[in-house]
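Here is the structure we will look at, set down as C-alpha coordinates.
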Amino acid sequence: MLDAIICAIRDRLPFGMTVDASDSTLPPAPRRPSVNPILPVADMEEASDFYRGLGFVVDAYDDQYAWVKHCGWEFLHLRQVTDLDPKANETTAYIHVADADAWRAAMYSTTAHRESVGVVADEPWGMREFTVADRSGNVVRFGHTL
(Lines give C-alpha, C1' and ligand atoms only; values in the text may rest on other atoms or scores of the structure.)
Protein backbone atom coordinates (compact mmCIF):
# COMPACT_ATOMS: atom_id res chain seq x y z
CA MET A 1 0.00 0.00 0.00
CA LEU A 2 2.75 2.46 0.94
CA ASP A 3 4.62 1.69 -2.29
CA ALA A 4 1.49 2.52 -4.29
CA ILE A 5 1.15 5.85 -2.51
CA ILE A 6 4.82 6.69 -3.09
CA CYS A 7 4.50 5.83 -6.79
CA ALA A 8 1.38 7.97 -7.12
CA ILE A 9 3.17 10.93 -5.54
CA ARG A 10 6.25 10.46 -7.73
CA ASP A 11 4.10 10.45 -10.86
CA ARG A 12 2.85 13.93 -9.93
CA LEU A 13 6.21 15.50 -9.08
CA PRO A 14 7.30 18.32 -11.42
CA PHE A 15 10.22 16.71 -13.24
CA GLY A 16 9.84 18.91 -16.26
CA MET A 17 7.58 19.17 -19.21
CA THR A 18 7.18 16.54 -21.89
CA VAL A 19 9.07 17.70 -24.94
CA ASP A 20 8.29 17.12 -28.58
CA ALA A 21 10.10 13.96 -29.71
CA SER A 22 9.20 14.31 -33.39
CA ASP A 23 12.87 14.80 -34.27
CA SER A 24 13.80 11.38 -32.87
CA THR A 25 13.06 7.77 -33.68
CA LEU A 26 13.00 6.97 -29.97
CA PRO A 27 9.65 6.64 -28.20
CA PRO A 28 8.47 9.73 -26.27
CA ALA A 29 9.48 10.13 -22.63
CA PRO A 30 6.40 11.43 -20.81
CA ARG A 31 8.32 11.76 -17.54
CA ARG A 32 11.93 12.44 -16.72
CA PRO A 33 13.71 9.08 -16.81
CA SER A 34 15.52 7.73 -13.80
CA VAL A 35 19.19 7.03 -14.43
CA ASN A 36 21.29 5.24 -11.83
CA PRO A 37 25.02 4.98 -12.52
CA ILE A 38 26.71 1.76 -11.45
CA LEU A 39 29.94 2.67 -9.66
CA PRO A 40 32.76 0.15 -9.43
CA VAL A 41 34.11 -0.24 -5.91
CA ALA A 42 37.19 -2.06 -4.66
CA ASP A 43 35.70 -2.97 -1.27
CA MET A 44 31.91 -3.20 -0.89
CA GLU A 45 31.90 -2.92 2.90
CA GLU A 46 34.11 0.17 2.84
CA ALA A 47 32.07 1.79 0.04
CA SER A 48 28.78 1.02 1.82
CA ASP A 49 30.08 2.57 5.03
CA PHE A 50 31.28 5.63 3.09
CA TYR A 51 27.91 6.33 1.45
CA ARG A 52 26.04 5.62 4.69
CA GLY A 53 28.33 8.15 6.37
CA LEU A 54 27.20 10.76 3.83
CA GLY A 55 23.60 10.17 4.90
CA PHE A 56 22.41 7.64 2.33
CA VAL A 57 20.79 4.26 2.94
CA VAL A 58 22.71 1.39 1.37
CA ASP A 59 20.77 -1.78 0.61
CA ALA A 60 22.89 -4.78 -0.29
CA TYR A 61 21.69 -7.22 -2.91
CA ASP A 62 24.58 -9.51 -2.04
CA ASP A 63 28.22 -9.03 -1.01
CA GLN A 64 29.11 -7.64 -4.46
CA TYR A 65 26.18 -5.36 -5.36
CA ALA A 66 24.21 -2.66 -3.54
CA TRP A 67 21.86 0.28 -4.04
CA VAL A 68 22.53 3.74 -2.61
CA LYS A 69 19.20 5.37 -1.71
CA HIS A 70 17.65 8.44 -0.11
CA CYS A 71 13.95 9.02 0.59
CA GLY A 72 13.17 5.73 -1.14
CA TRP A 73 14.85 6.86 -4.39
CA GLU A 74 17.79 4.99 -5.89
CA PHE A 75 20.67 7.37 -6.56
CA LEU A 76 23.58 5.06 -7.33
CA HIS A 77 24.40 1.39 -7.61
CA LEU A 78 27.65 -0.09 -6.30
CA ARG A 79 29.34 -3.11 -7.88
CA GLN A 80 32.44 -4.69 -6.42
CA VAL A 81 35.31 -5.07 -8.87
CA THR A 82 38.10 -7.09 -7.29
CA ASP A 83 40.95 -5.78 -9.48
CA LEU A 84 39.86 -2.13 -9.46
CA ASP A 85 42.70 0.39 -9.33
CA PRO A 86 41.25 3.49 -7.59
CA LYS A 87 43.99 5.69 -9.09
CA ALA A 88 42.98 4.66 -12.62
CA ASN A 89 39.22 4.81 -12.01
CA GLU A 90 37.65 7.71 -13.93
CA THR A 91 34.00 6.93 -13.14
CA THR A 92 31.92 10.05 -12.55
CA ALA A 93 28.22 10.58 -11.87
CA TYR A 94 26.13 13.76 -11.67
CA ILE A 95 23.16 14.10 -9.35
CA HIS A 96 20.86 17.09 -9.80
CA VAL A 97 19.56 18.39 -6.47
CA ALA A 98 17.39 21.37 -5.54
CA ASP A 99 20.00 23.00 -3.28
CA ALA A 100 23.66 22.02 -3.57
CA ASP A 101 24.61 24.08 -0.51
CA ALA A 102 22.13 22.22 1.71
CA TRP A 103 23.25 18.82 0.41
CA ARG A 104 26.91 19.67 0.95
CA ALA A 105 26.27 20.99 4.47
CA ALA A 106 24.33 17.85 5.43
CA MET A 107 26.98 15.51 4.06
CA TYR A 108 29.89 17.44 5.54
CA SER A 109 28.30 17.57 8.97
CA THR A 110 27.61 13.83 9.18
CA THR A 111 30.54 12.11 7.50
CA ALA A 112 33.80 11.01 9.07
CA HIS A 113 35.36 11.51 5.61
CA ARG A 114 35.10 15.31 5.40
CA GLU A 115 38.17 15.46 3.18
CA SER A 116 36.13 13.63 0.52
CA VAL A 117 33.46 16.35 0.33
CA GLY A 118 34.45 19.28 -1.88
CA VAL A 119 33.41 22.91 -1.59
CA VAL A 120 30.38 24.35 -3.38
CA ALA A 121 31.17 26.61 -6.31
CA ASP A 122 29.39 28.40 -9.14
CA GLU A 123 30.72 26.89 -12.35
CA PRO A 124 31.00 28.62 -15.74
CA TRP A 125 28.63 26.01 -17.24
CA GLY A 126 25.77 27.42 -15.18
CA MET A 127 25.70 25.01 -12.26
CA ARG A 128 26.33 25.43 -8.54
CA GLU A 129 27.95 22.18 -7.47
CA PHE A 130 30.34 20.20 -5.31
CA THR A 131 31.99 16.82 -5.59
CA VAL A 132 32.32 13.79 -3.37
CA ALA A 133 35.14 11.34 -4.04
CA ASP A 134 35.03 7.82 -2.61
CA ARG A 135 38.05 5.62 -1.87
CA SER A 136 37.50 3.59 -5.04
CA GLY A 137 38.19 6.69 -7.18
CA ASN A 138 34.56 7.44 -8.06
CA VAL A 139 33.60 11.11 -8.22
CA VAL A 140 29.97 12.09 -7.70
CA ARG A 141 28.94 15.69 -8.42
CA PHE A 142 25.88 17.22 -6.80
CA GLY A 143 24.53 20.42 -8.25
CA HIS A 144 21.68 22.70 -9.23
CA THR A 145 21.14 25.11 -12.09
CA LEU A 146 22.02 28.74 -11.40
Side-chain angles (χ1 to χ4, degrees), residues 2-3 5-21 24 26 28-146:
L2 182 58
D3 286 340
I5 294 169
I6 291 171
C7 288
I9 292 169
R10 285 183 184 164
D11 285 347
R12 290 176 179 83
L13 291 174
F15 289 121
M17 298 171 46
T18 302
V19 295
D20 179 15
S24 174
L26 297 174
R31 285 186 227 112
R32 183 178 182 175
S34 173
V35 178
N36 305 108
I38 302 171
L39 306 181
V41 297
D43 181 313
M44 183 59 71
E45 186 175 338
E46 178 182 76
S48 295
D49 288 345
F50 176 82
Y51 286 98
R52 278 188 197 103
L54 292 174
F56 290 100
V57 171
V58 179
D59 288 335
Y61 172 74
D62 58 24
D63 60 347
Q64 297 186 352
Y65 202 92
W67 298 276
V68 177
K69 300 178 178 182
H70 176 61
C71 292
W73 296 87
E74 288 180 20
F75 278 65
L76 305 166
H77 292 199
L78 306 176
R79 180 177 61 92
Q80 185 163 321
V81 176
T82 55
D83 59 347
L84 179 69
D85 178 2
K87 292 179 183 174
N89 182 7
E90 296 182 2
T91 304
T92 304
Y94 200 104
I95 298 175
H96 292 263
V97 295
D99 184 344
D101 294 277
W103 276 75
R104 196 264 181 193
M107 288 181 183
Y108 190 80
S109 70
T110 61
T111 188
H113 305 288
R114 289 186 172 163
E115 73 283 356
S116 300
V117 180
V119 297
V120 181
D122 293 344
E123 300 297 350
W125 45 87
M127 300 297 290
R128 181 159 178 79
E129 62 187 39
F130 70 99
T131 61
V132 172
D134 70 22
R135 294 185 184 207
S136 292
N138 297 299
V139 175
V140 181
R141 290 179 182 261
F142 294 83
H144 68 261
T145 305
L146 290 171

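In this chain, residues are counted from 1 in sequence order.
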Please list, chain by chain and in numerical order, all residues satisfying side chain to side chain contact (heavy atoms under 4.5 Å, CB included) with [X], sequence neighbours excluded.
X      : value
Asp101 : Asp99, Val120, Arg128, His144
His96  : Arg32, Tyr94, Met127
Thr91  : Leu39, Pro40, Asn89, Asn138

Donor-acceptor check, side chain of [X] to backbone of [Y], threshold 3.5 angstrom: yes or no?
X      : Y      : result
Ser116 : Asp134 : no
Thr111 : Met107 : no
Glu129 : Arg141 : no
Thr110 : Gly53  : yes

Handout entry: Pair listing, ring-ring contact (aromatic ring centres under 6.0 Å, His included) test, anchored in residues 104-125, at least two apart
Key =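 Sorted pair list: Phe50-His113.
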Which pair of non-hydrogen atoms, one from [X] and one from [Y], has the smallest distance, and what is that distance?
X      : Y      : answer
Ala47  : Val41  : CB-CG1, 3.6 Å
Ala42  : Ser136 : N-OG, 2.9 Å
Glu115 : Arg135 : OE2-NH2, 4.0 Å
Leu76  : Ala93  : CD2-CB, 4.1 Å

Exercise for the section: Return the orientation label for the Tyr61 and Trp67 ring planes: parallel under 30°, perpendicular over 60°, tilted otherwise. Expected result: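 Rings of Tyr61 and Trp67: perpendicular, as their planes differ by over 60°.
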Exercise for the section: May I ask you to decide if the ring planes of Phe142 and Trp103 are parallel, tilted or perpendicular, using 30° and 60° as cut-offs? Expected result: parallel
Practice task
Please name all residues satisfying side chain to side chain donor-acceptor pair (under 3.5 Å) with Tyr65, sequence neighbours left out, ordered by chain then number.
Solution key: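 Once residues adjacent in sequence are excluded, the partners of Tyr65 under the side chain to side chain donor-acceptor pair (under 3.5 Å) criterion are His77.
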Exercise for the section: Would you please name every residue forming a salt bridge (charged side-chain N to carboxylate O under 4.0 Å, His left out) with Asp43, sequence neighbours left out? Expected result: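 Listed in chain order: nothing, the list is empty.
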Practice task
Please indicate whether Glu90 has more than 12 foreign heavy atoms, meaning atoms of other residues, nucleotides or ligands, lying under 6.0 Å from its CD.
Solution key: no
Practice task
Give a yes or no on whether Glu45 atom CD has more than 12 heavy-atom contacts from other residues, nucleotides or ligands under 6.0 Å away.
Solution key: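 Atom CD in Glu45 is not packed in, count stays at 12 or less.
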Problem - Residue pairs fulfilling salt bridge (charged side-chain N to carboxylate O under 4.0 Å, His left out) with at least one residue in residues 52-68, sequence neighbours excluded - result: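 Sorted result for residues 52-68: Asp49-Arg52, Asp59-Lys69.
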Practice task
Quickly, which of Val140, Val117, Val119 forms a side-chain contact (heavy atoms from CB on, under 4.5 Å) with Phe130? Name it, please.
Solution key: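 In the set Val140, Val117, Val119, the residue that makes a side-chain contact (heavy atoms from CB on, under 4.5 Å) with Phe130 is Val117.
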